[in-house]
Amino acid sequence: MPQNGYQQGLTANPSAIAYQKRIYPWAIAKLMPSMQRAIVGRFRSRSDADGHLLCLRQLMPQATLVVVFDLQPDLEVPMVAPTAIR
């Protein structure tokens, strides 16, 4: 699935994760009790997210799923200070 391929192999580079979250701003969120949410998938376009939402609603009719524009990252990635070149 090319929409979600960014999740594989990026754990070693935190700046790559931050960049990938910026280019995949549309997300499908599962709403849970106590005002919590869980991101089910991230997508580049709204139409991709809407299409996947239709399929997920057929597979999980009891779940409350919504499409959100999510630019706020789930994890804060600390900026690393540049090292001096010797």
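One is the number of the first residue; the rest follow in order along the sequence.
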On a heavy-atom basis, the closest approach of K30 and A63 is CE-CB, 4.2 Å

Excluding L54, membership of its hydrophobic cluster (Ile, Leu, Val, Met, Phe, Trp, Tyr; side-chain heavy atoms within less than 4.5 Å) reads none

For the pair R37 and D70, find out whether any cationic side-chain nitrogen is under 4.0 Å from an anionic carboxylate oxygen.
yes

Using the rule that Ile, Leu, Val, Met, Phe, Trp and Tyr join whenever any side-chain heavy atoms are under 4.5 Å apart, tell me whether M32 and L65 fall into a single cluster.
no

Quick one: which residue pairs count as a salt bridge (charged side-chain N to carboxylate O under 4.0 Å, His left out) with a foot in residues 49-63, not counting sequence neighbours?
R46-D50

Of all the heavy-atom pairs spanning L53 and I28, show the shortest one and how long it is.
N-CD1, 3.6 Å

Linking directly or through intermediates, with side-chain heavy atoms under 4.5 Å: list the remaining ILVMFWY members grouped with V66, chain and number order.
L31, V68

Below 4.5 Å, heavy atoms only, C-beta onward: do W26 and D48 meet side chain to side chain?
no

Worked verdict on F43 versus H52 for side chain to side chain contact (heavy atoms under 4.5 Å, CB included)
CA-CA 9 Å; F43 306 91; H52 282 266; 3.4 Å; yes

